[in-house]
Trainee: 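Right, I'll just put the structure down here and ask away after.
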Protein chains: 2
Amino acid sequence: MKLEILNNENHDIQKKIISAIRDLINHKNLEPGDKLPSERTLSEKFEVSRGNIREAIQKLEFYGLLESIPQSGTFVANIGITALNGMIEDILRLEEPDFKSLVETRILLELKTAQLAAIRRTEEDLQAIKEALDAYSEKVINGEDAVQEDLLFHLAIAKASRNSSMNTFMLIITPGIITNFEKYHVCDKNQAFLGIQEHTDIYAAIRSQDPKLAKEKMKAHFKILYQYCYNQ
Amino acid sequence: MKLEILNNENHDIQKKIISAIRDLINHKNLEPGDKLPSERTLSEKFEVSRGNIREAIQKLEFYGLLESIPQSGTFVANIGITALNGMIEDILRLEEPDFKSLVETRILLELKTAQLAAIRRTEEDLQAIKEALDAYSEKVINGEDAVQEDLLFHLAIAKASRNSSMNTFMLIITPGIITNFEKYHVCDKNQAFLGIQEHTDIYAAIRSQDPKLAKEKMKAHFKILYQYCYNQ
DNA sequence: TTGAGAAAACTGGTTAACCAGATTGGTTAT
DNA sequence: ATAACCAATCTGGTTAACCAGTTTTCTCAA
């Protein structure tokens with residue numbers, strides 16, 4: 001399931017189906033563990049293709065609200081009807097994140113991953129971060145574009161944080177960040193040179209296992225982005 | 001696409017396909033914008049079903065590395081080969097988040113959403129939070145289980161934070177948290193009664209638009225969970 | 001009436017055929 | 001030589017048929 005990469009038409013259909021499933025659960029008073037009507041039945045009742053039904057169910061499965069068991073059926077997850085209604089409402093309301101949300105979340109995550117990396121990094125992690133840093137520096141010094149190497153430096157830190165959720169979330173927001181960076185031309189050459197020092201500072205803090213300093217240096221690194229984000 | 005809800009067999013196949021796609025991109029020196037071989041071709045070459053190929057491509061599409069265009073082809077996204085290799089490596093390495101990662105991430109997100117909610121909440125947001133709080137209190141006072149109402153209170157705050165990414169991430173980690181909560185019996189009745197006061201404090205801080213206080217009260221609310229998480 | 005057992009119906013998952021639009025290559029007219 | 005056209009091919013997306021288990025229903029003996 002893609003989070004929000006559906007075209008508008010399919011998107012609307014899916015929302016309608018999810019609403020319909022919610023209404024059906026409420027109307028039939030289905031409780032946790034109860035079985036939903038079959039995919040075929042639902043596709044008839046809602047007058048959509050079975051594929052659409054499957055997509056919607058998979059989305060709700062992704063958020064832990066339903067569970068499909070092969071050759072048996074789809075069941076309401078072990079979560080109360082109240083929470084289920086609340087979560088479905090939230091899921092339906094979810095919208096494509098704006099750039100500001102992405103940046104805000106990225107900064108939040110990166111300050112934490114820097115902290116955690118300083119505490120938990122292994123020697124291998126440190127080595128990987130160093131290599132990413134060197135690759136970045138070399139590109140910048142040669143006057144080449146270093147967006148990719150910049151990114152990989154930050155992902156190396158996320159990896160070293162040893163937190164699987166944050167690592168995943170970093171990967172999820174990365175494409176959106178990159179796209180918008182290029183769209184709005186947030187970076188420029190001056191920043192790139194300044195970036196070498198900032199990256200080096202972050203690396204040094206993680207190497208010396210100083211979480212507070214690592215967070216501080218990461219914060220400094222994001223200062224311009226932070227301002228850009230909050231001054232428009 | 002599900003993040004990590006595939007059975008092991010399919011999971012391994014998908015990882016192999018993603019690796020193979022990466023190798024193919026490297027071997028053929030495909031650059032951003034270049035077209036990948038067709039799904040049918042890949043399914044022959046890798047000796048897997050076309051459905052498997054489609055799933056793998058959709059996953060890489062989800063992370064912004066590929067782009068499928070109907071009736072035309074699948075293209076390498078506008079991201080350099082270096083970043084692409086790095087990100088694929090990370091994606092392949094991603095593992096099911098452990099409970100500690102989930103809790104750590106939840107606390108990070110909730111401290112921020114409380115802050116942001118205090119700043120940005122509308123009157124409607126405040127009203128919704130209040131209703132969630134009242135529903136929670138009533139359940140606890142009646143001695144009933146209030147896990148769902150607890151959850152909805154926190155989701156109401158996430159909604160009021162007006163940050164779409166964080167809201168999404170809260171919804172993503174919620175099922176894992178709930179499951180593990182029940183598995184490890186993190187909550188007990190005493191906490192529930194204490195929770196009323198803590199929730200009320202958080203609500204009051206958000207109402208009076210005091211972000212610092214909101215964060216503080218949320219931190220206090222998570223104190224036990226925090227300790228549970230870091231003392232094992 | 002009840003129990004077991006078998007067969008029919010139904011389940012989510014998978015596969016292969018089909019679709020409409022895009023692309024390509026060749027042909028022809030200018 | 002080149003531009004225009006058209007048909008054959010190829011594309012990702014969609015649909016319908018099929019599959020292997022599960023669940024229900026029916027049958028018939030005890």
Side-chain angles (χ1 to χ4, degrees), chain A residues 1-18 20-21 24-25 28 30 33-78, chain B residues 1-18 20-21 24-25 28 30 33-78:
Chain A
M1 186 224 45
K2 312 163 195 175
L3 226 54
E4 292 292 334
I5 324 182
L6 300 159
N7 60 53
N8 281 334
E9 192 185 343
N10 274 359
H11 195 266
D12 285 349
I13 291 178
Q14 194 178 95
K15 284 198 171 187
K16 278 184 187 173
I17 295 174
I18 290 178
I21 290 177
L24 185 143
I25 290 175
K28 299 267 182 188
L30 297 187
D34 285 355
K35 186 155 82 170
L36 237 59
S38 73
E39 296 177 352
R40 289 168 182 81
T41 309
L42 292 178
S43 78
E44 278 186 45
K45 192 192 286 262
F46 301 158
E47 293 178 338
V48 294
S49 77
R50 194 181 152 204
N52 290 136
I53 298 284
R54 282 179 64 77
E55 274 183 42
I57 288 177
Q58 277 169 20
K59 182 157 188 172
L60 293 178
E61 223 177 331
F62 172 75
Y63 285 105
L65 302 182
L66 296 178
E67 184 180 9
S68 282
I69 296 178
Q71 284 91 34
S72 178
T74 302
F75 299 85
V76 178
N78 189 20
Chain B
M1 189 225 42
K2 311 161 196 175
L3 228 53
E4 292 291 333
I5 323 180
L6 299 159
N7 61 51
N8 281 335
E9 193 185 345
N10 275 358
H11 196 266
D12 285 349
I13 291 178
Q14 193 178 96
K15 284 197 172 188
K16 278 184 186 172
I17 296 174
I18 291 177
I21 290 177
L24 186 142
I25 290 174
K28 300 267 182 187
L30 297 188
D34 285 355
K35 186 156 82 170
L36 237 59
S38 74
E39 296 177 352
R40 288 167 182 83
T41 309
L42 292 177
S43 77
E44 276 186 46
K45 191 193 290 260
F46 301 158
E47 292 177 339
V48 294
S49 76
R50 195 181 150 204
N52 291 133
I53 297 284
R54 281 179 65 78
E55 275 184 41
I57 287 177
Q58 277 170 18
K59 182 156 187 173
L60 293 178
E61 224 177 329
F62 171 75
Y63 286 106
L65 303 183
L66 296 179
E67 185 181 7
S68 281
I69 296 177
Q71 284 91 35
S72 176
T74 302
F75 300 84
V76 178
N78 190 19

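Order of the sequence lines sets the chain letters (A, B, ...), proteins ahead of strands, with each chain counted from 1.
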Trainee: Once you round it to whole Å, what is the distance between P of dA22(C) and CZ of Phe75(B)?
Mentor: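 Those two atoms, CZ and P, are 12 Å apart.
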
Trainee: So which nucleotide from dG13(C), dT22(D), dG13(D) ends up closest to the side chain of Ser68(A)?
Mentor: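 Of dG13(C), dT22(D), dG13(D), dG13(C) is nearest to the side chain of Ser68(A).
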
Trainee: Can a side chain N or O of Ser72(B) be found less than 4.0 Å away from OP1 or OP2 on dC10(D)?
Mentor: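 No, Ser72(B) has no side-chain N/O under 4.0 Å of OP1/OP2 on dC10(D).
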
Trainee: Compare side-chain N and O positions of Thr74(B) against OP1 and OP2 of dT11(D) and report whether any pair is under 4.0 Å apart.
Mentor: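 The answer is no; no side-chain N or O of Thr74(B) sits under 4.0 Å from OP1 or OP2.
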
Trainee: Whole-Å distance between dG12(D) P and Glu55(B) CD?
Mentor: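 Those two atoms, CD and P, are 16 Å apart.
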
Trainee: Without decimals, in angstroms, what is the distance between Asn52(B) CG and dG13(C) P?
Mentor: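 Result: 14 Å.
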
Trainee: Can you tell if the side chain of Ile57(A) reaches within under 4.5 Å of the side chain of Glu61(A), non-hydrogen atoms only?
Mentor: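 The answer is yes; the side chains approach within 4.5 Å.
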
Trainee: Do Gln58(B) and Phe62(B) have side chains that approach each other closer than 4.5 Å (heavy atoms only, starting at C-beta)?
Mentor: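 No, every pair of side-chain atoms sits at 4.5 Å or beyond.
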
Trainee: Dump the pairs, protein N or O against N or O of nucleotides 17-19 of chain D, anything under 3.5 Å, distances to one decimal.
Mentor:
unit_1, atom_1, unit_2, atom_2, d
dC18(D), N4, Arg40(A), NH2, 3.3

Trainee: Roughly how many Å is it from CD in Glu67(A) to P in dG12(C), rounded to a whole number?
Mentor: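 After rounding, the gap between these two atoms is 13 Å.
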
Trainee: Can you tell me the distance, in whole Å, between the CD atom of Glu39(B) and the P atom of dG13(D)?
Mentor: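 After rounding, the reported distance stands at 6 Å.
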
Trainee: Expressed as a whole number of angstroms, how long is the span from Glu61(B):CD to dT11(D):P?
Mentor: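 It is 17 Å, rounded to the nearest whole Å.
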
Trainee: Which is true for Gly51(A) with a 4.0 Å heavy-atom rule: it touches a base, it touches only sugar-phosphate, or it touches nothing?
Mentor: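 The residue Gly51(A) makes no contact with any strand.
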
Trainee: Could you tell me if the side chain of Gln14(B) sits less than 4.5 Å from the side chain of Asn52(B), heavy atoms only?
Mentor: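 No, their side chains stay 4.5 Å or more apart.
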
Trainee: When you compare the side chain of Lys35(B) with that of Thr74(B), does any pair of heavy atoms fall below 4.5 Å?
Mentor: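 When only atoms from C-beta onward are counted, Lys35(B) and Thr74(B) do not touch, as no gap falls below 4.5 Å.
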
Trainee: If we ignore hydrogens and angles and just use 3.5 Å, is the side chain of Ser43(B) paired with the main-chain N or O of Arg40(B) as donor and acceptor?
Mentor: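 Yes: the side chain of Ser43(B) pairs with the backbone of Arg40(B).
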
Trainee: Is the phosphate of dT15(D), meaning OP1 or OP2, less than 4.0 Å from a side-chain N or O of Ser49(A)?
Mentor: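 Indeed, a polar side-chain atom of Ser49(A) lies that close.
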
Trainee: Counting the atoms with a prime plus P, OP1 and OP2 as sugar-phosphate, which does Ile69(B) contact under 4.0 Å by heavy atoms, base, sugar-phosphate, or nothing?
Mentor: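 Counting heavy atoms under 4.0 Å across all strands, the contact made by Ile69(B) is with sugar-phosphate only.
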
Trainee: Among Thr41(A), Ile13(A), Ile53(A), whose side chain to side chain contact (heavy atoms under 4.5 Å, CB included) with Phe46(A) holds?
Mentor: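 Of Thr41(A), Ile13(A), Ile53(A), side chain to side chain contact (heavy atoms under 4.5 Å, CB included) with Phe46(A) is met by Ile53(A) alone.
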
Trainee: Please enumerate all protein N or O atoms sitting under 3.5 Å from an N or O of nucleotides 24-26 of chain C, with distances to 0.1 Å.
Mentor:
none

Trainee: Testing the basics here: between Ala77(A) and Gly64(A), what is the closest heavy-atom pair and its distance to 0.1 Å?
Mentor: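 It is CB-O, 3.2 Å.
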
Trainee: If you define the side chain from C-beta out and look only at heavy atoms, does anything of Asp34(B) sit under 4.5 Å from Phe75(B)?
Mentor: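 Contact flag for Asp34(B)/Phe75(B) side chains = no.
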
Trainee: Any side-chain heavy atom of Glu67(A) sitting closer than 4.5 Å to one from Asn78(A)?
Mentor: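 No, their side chains stay 4.5 Å or more apart.
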
Trainee: In this structure, how many angstroms lie between the C1' atom of dT15(D) and the CZ atom of Arg54(A), rounded?
Mentor: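 Rounded to the whole Å, the gap is 13 Å.
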
Trainee: Whole angstrom is fine here: how far is it from CG in Leu36(B) over to P in dT11(D)?
Mentor: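 Rounded to the whole Å, the gap is 11 Å.
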
